[in-house]
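For the single chain, residues carry numbers from 1 onward in sequence order. Whatever order the structure lists them in is the order used to number ligands and atoms, beginning at 1.
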Amino acid sequence: MEPWQQQLAASLTRPEQLAERFGIDPAPLQAVVDRYPMRITPHTLSLIERPGDPIWRQAAPDPDELLPDQLYADPLNEAAFSPVPAVVHRYPDRALLLVSGTCAGYCRFCTRKSRVGRPELCFSAQQVAEGIAYIAGRPEIRDVILTGGDPLLLDDDRLATWLAQLRAIEHLEILRIGTRVPVTLPDRITPQLCAVLSRHHPLYINMHFNHPQELTPASAAACARLADAGIPLGNQTVLLRGVNDDPQVMARLCRGLLSLRVRPYYLHQMDMACGTTHFRVPVAQGLDIVEALRGRVSGLGIPCYMIDPPGGEGKVVLTRDCLAAEAGKVLVRNAQGGLISLPDH
Ligand SMILES: *Cc1c(COP(=O)(O)O)cnc(C)c1O
Ligand code: SF4
């Protein structure tokens, strides 16, 4: 096993392991883990200072995940846009290829939290091959995003094979990978992996830092290896209560990312995934946070604040115009120009 695989194997997956370390009561957490899996890498564990801090909130199961809510198991209606099991094709020119059903750490706010780490999201090599064949048959697709789960949990050979098959498709202009391992398992970013990736340019990586405490020396070194391999790096942050719902925290995160050669790309309003109500931040507060970045952070470091409405209409930029007169609602325009009203709670 490579060192990163050993670290992954040493991750905490049971509430009793958290209890031993932090002296909390594991009993209420067991029911949460029965429903939504837990995995905390040794690296993430080393960043937790105390229960309830921003790293803990992202990684540790919380009984609030089981509160009844009006949210969705499939908040982006991906099932309706999935022509074959491993593909989500919502925009004409772009498609998601879901190549891995597991992640180094299971984020408590994950949009696919009802499926991630479970067989429902673990597609076979045969199903991924069908996905690649689907993409090969659609000349309008220019951009494929490898996601899951976390594509960088695949071993180098598997990843190299699929990247090469995608690169052989003439109409694909760019490849992208969405990954959180630079945050949760930075040693996965080995020189060998970077060599594989750099054979398939233009290849972009979007990662997922949510808090400045995650910008550790190990993560900085991982980003440097990727950037040195010529890979343009972006970051997608989710706006999370008790983690980054503060203008100063967000400013430190965005500035820190720029120093690591990572361009803040999107700030996502939380998707309406069930089990995530305790993370929700109202849109008005999100707008305040983004507006506070202007003047404090280089323009390069200001992400675009987005919402992906349930139902699968596609991403929409959030502005003050989206604040409805009615409290607790936001108004956004869908791709057809129609106005839709969304709950904002
Ligand atoms: C977000 C997303 C994309 C990529 O969108 P960009 O705005 O180009 O980053 C592609 N397909 C699906 C289904 C998505 O949800
Ligand atoms: S790394 Fe991404 S896919 Fe995996 S649990 Fe976190 S948010 Fe979900």
Identify whether the distance between the nearest side-chain nitrogen and carboxylate oxygen of [X] and [Y] falls below 4.0 Å.
| X | Y | answer |
| --- | --- | --- |
| Arg320 | Asp288 | yes |
| Arg142 | Asp93 | yes |
| Arg108 | Glu65 | yes |

Proximal atoms of ligand 1 relative to Arg94 (non-hydrogen, under 4.0 Å)
5 (O), 6 (P), 7 (O), 8 (O)
Interfacing atoms of ligand 1 (cut-off 4.0 Å, heavy-atom, Tyr266):
6 (P), 7 (O), 9 (O)
I'd like to know whether ligand 1 has Phe81 as a neighbour, heavy-atom separation below 4.0 Å.
no
Side-chain heavy atoms nearer than 4.5 Å, only ILVMFWY residues, links allowed to pass through others: does that put Leu257 and Val249 together?
no
Pull up every protein N/O/S atom sitting under 2.8 Å from atom 6 (Fe) of ligand 2, skipping waters.
Cys107 SG
If you measure from atom 11 (N) of ligand 1 to every heavy atom of Leu96, Thr147, Leu76, which option wins on shortest distance?
Leu96
Closest heavy-atom approach to atom 3 (C) of ligand 1 among Met306, Lys315, Arg176, Arg90 is made by Lys315
State which residues pass salt bridge (Lys or Arg N to Asp or Glu O under 4.0 Å) with Asp344; sequence neighbours excluded, sorted by chain then number.
none
With sequence neighbours excluded, what pairs up with Glu78 under the salt bridge (Lys or Arg N to Asp or Glu O under 4.0 Å) test?
Arg112, Arg115
Heavy-atom contacts under 4.0 Å between Ile145 and ligand 1: side chain, backbone, both, or neither?
side chain
Look at the side chain of Asp150 and the backbone N and O of Leu152, then say whether any donor-acceptor pair between them is shorter than 3.5 Å.
yes
Look only at the side chain of His208 and the backbone of Thr237, and say whether a donor-acceptor pair between them is shorter than 3.5 Å.
no
In the protein, what heavy atom is nearest to atom 6 (P) of ligand 1, and what distance, to one decimal place, separates them?
Tyr265 OH, 3.4 Å
Scan for ring pair (Phe, Tyr, Trp, His ring centres under 6.0 Å) pairs involving residues 239-283, sequence neighbours excluded, and state none if there are none.
Phe109-Phe279, Tyr266-His268
